[in-house]
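Data first, discussion second: the structure below is written as structure tokens.
First listed ligand is number 1; within each ligand, the first listed atom is number 1. None of these values were measured; they are calculated from a predicted model.
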Amino acid sequence: MQTKILPNTDDGIQSAGEIIKNGGLVAFPTETVYGLGANALDGKACLKIYSAIGRAADNPLIVHISEIDELDRLVECVPNKARVLAEKYWPGPLTLIMKKSDLVPNEVTCGMPTVAIRLPSHPTAKALIKSAGVPIAAPSANLSGSPSPVTAQHCVNDLTGRVEAIINGDDCECGVESTIMLMTTEPPVLLRPGFVTVEQIEEAIGKIKIDDAVLNPLGSDRKVLSPGLKYKHYSPKARVIIVEGDGFCDYVNKHAESSDLALCFEEDEQSLEVRSLCFGKATDGEAQAHNIFGYLRLADEMGAKTVFARCPDSSGVGLAVLNRLLRAAGFEKITL
Ligand code: AMP
Ligand code: MG
């Protein structure tokens, strides 16, 4: 298949909207990461997403809308707390899971009775949904298992020959995927941390539960609330080891070989004797989130065998960074 690279202009977005309307796939920028979109009301179109990126058939898609009014026909009912979160944090990097309506095809939800919905703030994403005239189902646009794409070039690398088009937009602002909240239980459950933080959610709706799988490997007996949590994720080819504790630089200087790389805080850079990529200040979770996937991809391009990664602080957006790094590392973590 020929993959068109469309400019991020009104004309480019209109062509992309036509492709979606006609049952094709388009990668497009959002404020979180690039998504790979199809018409969310067309089960056959949505099925193509799974084969294009090798996505497991039981890992459901997030449905993107461009106006809050589009929510009601996609779900059976909107729980009060979901309404509060939607009004406070939409448009933005927050996905809400609710009971699905009959309009949502099973190919989107993998047969689950619930659907994940998000109203993005990115102008291109919103314009694309409007131009297509339908809600757009879109997971992150990476090949399954790889770090999520945060630049148009990452999409070109992963998707050329597999999808109809890629919109050549800017680099993504957040750099990690949306926060996912399951709203059908009481208390609601955080399934995936993101730029909308636990602190912000609790300020709006009170205490929530954080799913065990956010920071722990899944035991085989555990019931999985979000199928995506089962899969190895975000992994570069390099082995990633998270190193927790103040002795990070000494540890890396002692153990890293010349083919290895440190993913470090700005404060560490001067003390490191091995090559490094610095993903932000120790206290700057937002910068770390913005850089993490790009740097995991860059580590592979630099031929790193092992990446020794600084363990981020788990407050605020740091929880999202830690969650992604743990998966990239297959939960391999050393505490000094
Ligand atoms: P991605 O956009 O690649 O991050 O994938 C979407 C994520 O949303 C995956 O982790 C899915 O498991 C999760 N997801 C989508 N729909 C649902 C749902 N109905 N229930 C639970 N998790 C969901
Ligand atoms: Mg993904």
With the threshold set at under 4.0 angstrom, would you say T109 reaches ligand 1 through any of its heavy atoms?
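The answer is no, since T109 has no heavy atom less than 4.0 Å from ligand 1.
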If we only consider heavy atoms of K100, is any one of them less than 4.0 Å away from an atom in ligand 1?
no
For [X] and [Y], indicate whether the former's side chain and the latter's backbone hold a donor-acceptor pair under 3.5 Å.
X: Q200; Y: T197; value: yes
X: T3; Y: G161; value: yes
X: R324; Y: L319; value: no

Is it true that atom CG of D170 has more than 12 heavy atoms of other residues, nucleotides or ligands lying nearer than 6.0 Å?
no
Neighbour count above 12 (heavy atom, 6.0 Å) for E267 CD:
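Check passes, neighbour count above 12.
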Atom indices of ligand 1, in the order listed, that fall short of 4.0 Å to a heavy atom of [X]:
X: I180; value: 7 (C), 8 (O), 13 (C)
X: N59; value: 9 (C), 11 (C), 12 (O)
X: R192; value: 1 (P), 4 (O), 7 (C)

Taking 2.8 Å as the upper limit, name the protein N, O or S atoms near the Mg ion (ligand 2).
S140 OG
Got a salt bridge between E76 and K100, using NZ or NE/NH1/NH2 to carboxylate O under 4.0 Å?
no
Could you go through H64 and I62, starting from their C-alpha distance and side-chain angles, then the distance that decides it, and tell me whether this counts as side-chain contact (heavy atoms from CB on, under 4.5 Å)?
CA-CA 6 Å; H64 295 72; I62 294 174; 3.7 Å; yes
By the definition side-chain contact (heavy atoms from CB on, under 4.5 Å), identify the one residue from L85, L94, L191 that meets it with T179.
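When L85, L94, L191 are each tested with T179, the side-chain contact (heavy atoms from CB on, under 4.5 Å) holds only for L94.
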Ligand 1 versus [X]: contacting region, heavy-atom distance under 4.0 Å:
X: T114; answer: both
X: L225; answer: backbone
X: R55; answer: side chain

E18: which residues meet the salt bridge (Lys or Arg N to Asp or Glu O under 4.0 Å) condition with it, sequence neighbours left out?
K21
Fit a plane to each ring of F308 and Y251, take the angle between them on a 0 to 90° scale, and name the class: parallel (under 30°), tilted (30 to 60°) or perpendicular (over 60°).
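Perpendicular: the ring planes of F308 and Y251 meet at over 60°.
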